[in-house]
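Taking it in order: structure first as structure tokens, then the write-up.
Everything numeric here is computed off the predicted structure, so don't read it as measured data.
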2 protein chains.
Amino acid sequence: MSLKLLAATLNLSITTVSRALDGYGDVAPATRDRVMAAAEAMQYRPNAAARRLRRGSTEVVSLVLPTGPGRFDEPLYLELMSVMGERFAERGYDLTLLAAPPGPDEMKTYRRLVEGRRADGLIVVRTRRQDPRIAYLLGTKMPFVVMGRSDTPGLYPFVDGDGEAAFAAATRDLAALGHRHIAHLAAPAALTYATLRRAGYERAMDELGLPRQVVECDADEQAARAACSELLAGAAPPTAILCATDRMALGVLRAARERGLSVPADLSVVGHDNLPAGAYSDPPLSTMELPLAETGDLLARMLLARIGGAPPDDTMQAIIPIRAVPRGSVAPPR
Amino acid sequence: MSLKLLAATLNLSITTVSRALDGYGDVAPATRDRVMAAAEAMQYRPNAAARRLRRGSTEVVSLVLPTGPGRFDEPLYLELMSVMGERFAERGYDLTLLAAPPGPDEMKTYRRLVEGRRADGLIVVRTRRQDPRIAYLLGTKMPFVVMGRSDTPGLYPFVDGDGEAAFAAATRDLAALGHRHIAHLAAPAALTYATLRRAGYERAMDELGLPRQVVECDADEQAARAACSELLAGAAPPTAILCATDRMALGVLRAARERGLSVPADLSVVGHDNLPAGAYSDPPLSTMELPLAETGDLLARMLLARIGGAPPDDTMQAIIPIRAVPRGSVAPPR
DNA sequence: ACCGGTCTCCAAAACGTTTTGGATTATACG
DNA sequence: CGTATAATCCAAAACGTTTTGGAGACCGGT
């Protein structure tokens with residue numbers, strides 16, 4: 001009962017009050033001022049539900065976090081949300097966070113969002129090469145943006161770090177230090193980033209004429225620890241390991257310590273993500289970092305454009321450079 | 001146009017369809033089944049905005065994250081959100097996350113939520129001893145729950161870890177190992193948890209008849225590093241430092257290394273929060289942990305009760321025990 | 001004095017749901 | 001058989017906003 005009440009105290013129609021507040025040219029400057037003043041004085045706040053019903057939009061943007069228990073590579077997403085939230089707030093959108101562990105129920109969450117019109121736009125993160133979420137969303141009218149890439153065909157906005165180039169560069173850097181046995185600890189190939197990073201490593205190794213050595217395991221420190229132990233026990237143990245993620249690199253650090261190897265003297269280790277934990281590991285982990293502020297900014301901008309009706313085109317596909325974060329876990333080989 | 005459409009195809013009134021779907025006793029079992037089947041077949045999803053408008057509730061619960069750039073003690077809040085989100089989803093509520101750096105604009109975010117009826121309930125985290133957010137919310141009808149305690153007077157639901165008892169116990173544990181010079185690195189006293197933890201330390205030291213040694217600094221690793229350097233350079237350097245947070249403890253670890261001290265041989269260090277980074281530090285950080293699953297569960301339950309109309313009473317105030325997480329940064333003194 | 005145009009303003013419809021207050025019919029009971 | 005009761009159903013109002021399609025007043029030009 002609030003536009004109504006405001007209108008009554010001003011002896012104006014609801015229409016006029018509404019249009020005055022929305023800044024239409026339709027209303028005399030004098031009355032506009034009067035309305036503004038009264039709205040301010042009465043602390044008028046438009047009812048969000050009514051506006052949404054009438055306009056048919058929700059003023060909500062959702063991010064579904066593919067989170068399970070005990071994950072801790074999520075500070076990344078929090079930082080992302082922080083900057084995106086600000087962008088969206090500027091435009092009157094609320095950012096809603098849902099947690100949906102990947103699995104059979106994951107799609108239900110997305111369907112609920114889309115079919116129930118619970119959001120005006122979606123942000124998809126942690127992409128897979130074949131990503132059913134993207135495939136589904138492409139078949140709907142729901143605007144969405146993707147952080148990361150996918151092989152799922154179709155035209156949709158995305159922002160991703162150039163993992164291929166970054167891992168090629170990191171490989172060359174290690175080689176320049178004198179390393180000849182450089183191994184790559186790859187994340188499961190179903191994840192797009194894993195494939196790209198691996199490709200970067202492989203391309204660089206080929207160009208350098210060095211023998212590839214790739215082991216693939218789950219992207220957590222336990223699996224990496226086990227995989228690394230195996231690697232180090234092999235016939236030609238590497239002098240440097242390039243890991244797909246920091247979590248894996250932390251597992252490698254642990255495995256090295258368990259085998260009595262000293263990092264970086266006996267083994268150089270490089271990760272990716274710039275996790276806080278890496279800054280405090282022993283030794284501090286050399287890693288790489290996607291500029292999250294820029295990424296979030298771009299994603300927010302793209303999604304707002306899509307919601308505003310802009311069709312997706314290839315200007316909405318950004319691949320941004322990854323920054324190296326050198327620390328103490330890299331050195332020339334013995 | 002959906003209840004209407006559904007009703008039309010069924011040759012029923014909107015009223016009947018609505019009541020059938022909501023399970024009122026008002027409608028014949030046969031028609032109810034017919035309606036259910038049709039709703040399923042037509043993929044009917046009630047329009048959230050319309051329902052909210054009519055019911056006057058938003059089905060949204062908000063958590064305002066007091067986040068700034070570069071913070072990384074937030075995994076805690078993410079984990080909390082993850083378990084709370086599940087509880088809320090069960091009851092049809094969406095959990096919305098807003099980021100509002102503490103400061104003059106912080107209250108604006110809260111006012112927007114309350115006055116714009118943008119949420120049915122709020123979760124307040126990172127409490128301060130004098131907390132304007134709580135003071136403000138107590139003056140409104142908005143249900144809210146608090147993670148942490150505050151001196152702000154009034155009756156409101158909260159869940160907090162028993163930091164006082166935990167720090168007293170940690171102090172006694174260090175003394176039992178033989179430490180006599182135990183210092184406490186305290187966080188700013190404006191934060192409730194800082195005061196409680198300090199009180200626990202001081203009580204235990206008094207009971208043990210040992211001399212207190214407290215230094216207060218900001219709750220980040222830089223400040224802790226500086227404060228710790230000072231402490232170690234003093235006349236009677238401690239053999240153990242009990243830190244209010246893990247971030248501070250990580251700063252202490254770094255300060256000790258810089259001064260050539262070995263942890264834990266020369267200096268024992270204990271923190272609180274069980275940050276992931278602590279598990280990978282050198283040495284691994286002994287710390288303490290608030291059971292987040294239990295905390296989130298309680299908070300969600302309380303908030304749902306409050307939203308349901310239950311008045312706040314002292315059964316809605318829980319102080320839960322903090323679990324010790326012993327790792328490698330504690331040892332008897334030389 | 002009349003006409004077209006520009007300024008202001010407004011009544012009413014619409015968004016999709018829930019809920020109120022019956023209306024109609026069937027059932028039970030005396 | 002009449003009537004009270006229960007079982008089903010429904011029309012219409014209401015939630016608070018935006019938007020459509022004018023209406024009335026005033027102006028300048030003829």
The answer to which of A:Thr15 and A:Arg55 contacts DNA chain C further toward the 5' end, by nearest nucleotide, is A:Thr15
Taking for each residue the nucleotide of DNA chain C bearing the nearest heavy atom, is the 5' side occupied by B:Arg19 or by B:Ala49? B:Ala49
Which sits closer to the 5' end of DNA chain D, B:Leu12 or B:Ala50, going by the nucleotide each is nearest to? B:Leu12
Using heavy-atom distances to pick each residue's nearest nucleotide on DNA chain D, tell me which of A:Arg54 and B:Val17 is more 5'. B:Val17
Look at the side-chain N and O atoms of B:Tyr24 and state whether any lies under 4.0 Å from the OP1 or OP2 oxygen of C:dT19. yes
Hey, does the side chain of A:Ser18 come within less than 4.0 Å of D:dT18's phosphate (OP1/OP2), counting only N and O? yes
Remember a base hit wins even if backbone is also touched, and classify B:Arg52 as base, sugar-phosphate or nothing at under 4.0 Å, heavy atoms. nothing
Pick base, sugar-phosphate or nothing for B:Asp26, based on heavy-atom distances below 4.0 Å to the nucleic acid. base
Quick one: which of [options] gets closest to the side chain of [X]?
| X | options | value |
| --- | --- | --- |
| B:Tyr44 | C:dT8, C:dA11, C:dT17 | C:dT17 |
| B:Ile14 | C:dT17, D:dC9, C:dA11 | C:dT17 |
| B:Ser2 | C:dT8, D:dT17, C:dT17 | C:dT17 |
| B:Thr31 | D:dT18, D:dC10, D:dC9 | D:dC9 |
| A:Val27 | D:dG16, C:dC9, C:dA11 | C:dC9 |
| B:Leu53 | D:dC9, C:dT18, C:dG16 | C:dG16 |
| A:Thr16 | D:dC10, C:dC9, D:dC15 | C:dC9 |

Atom CD of A:Glu86: over 12 foreign heavy atoms under 6.0 Å: no
Flag yes if more than 12 heavy atoms outside A:Arg117 fall under 6.0 Å of its CZ atom; otherwise flag no. no
I need the [atom1]-[atom2] distance between [X] and [N], as an integer number of Å.
| X | N | atom1 | atom2 | value |
| --- | --- | --- | --- | --- |
| A:Arg34 | C:dT8 | CZ | C1' | 12 Å |
| A:Lys4 | C:dA12 | NZ | C1' | 13 Å |
| A:Leu10 | C:dC10 | CG | P | 10 Å |
| B:Asp22 | C:dG16 | CG | P | 17 Å |
| A:Arg32 | C:dC10 | CZ | C1' | 17 Å |
| B:Asn11 | D:dC9 | CG | P | 13 Å |
| A:Arg51 | D:dC15 | CZ | P | 19 Å |
| B:Leu3 | D:dC9 | CG | C1' | 15 Å |

For side chain to side chain contact (heavy atoms under 4.5 Å, CB included), just list the numbers for A:Thr127 and A:Tyr193, CA-CA rounded to whole Å, side-chain angles, deciding distance to a tenth of an Å, and then say yes or no. CA-CA 8 Å; A:Thr127 46; A:Tyr193 75 80; over 6 Å; no
Carboxylate-amine/guanidinium contact A:Arg128 A:Glu106, below 4.0 Å: yes
Do A:Arg112 and B:Asp94 meet the salt-bridge criterion of a basic N to acidic O distance under 4.0 Å? yes
Intermediate values then yes/no, side chain to side chain contact (heavy atoms under 4.5 Å, CB included), A:Ile307 and A:Tyr93: CA-CA 11 Å; A:Ile307 291 174; A:Tyr93 286 82; 3.3 Å; yes
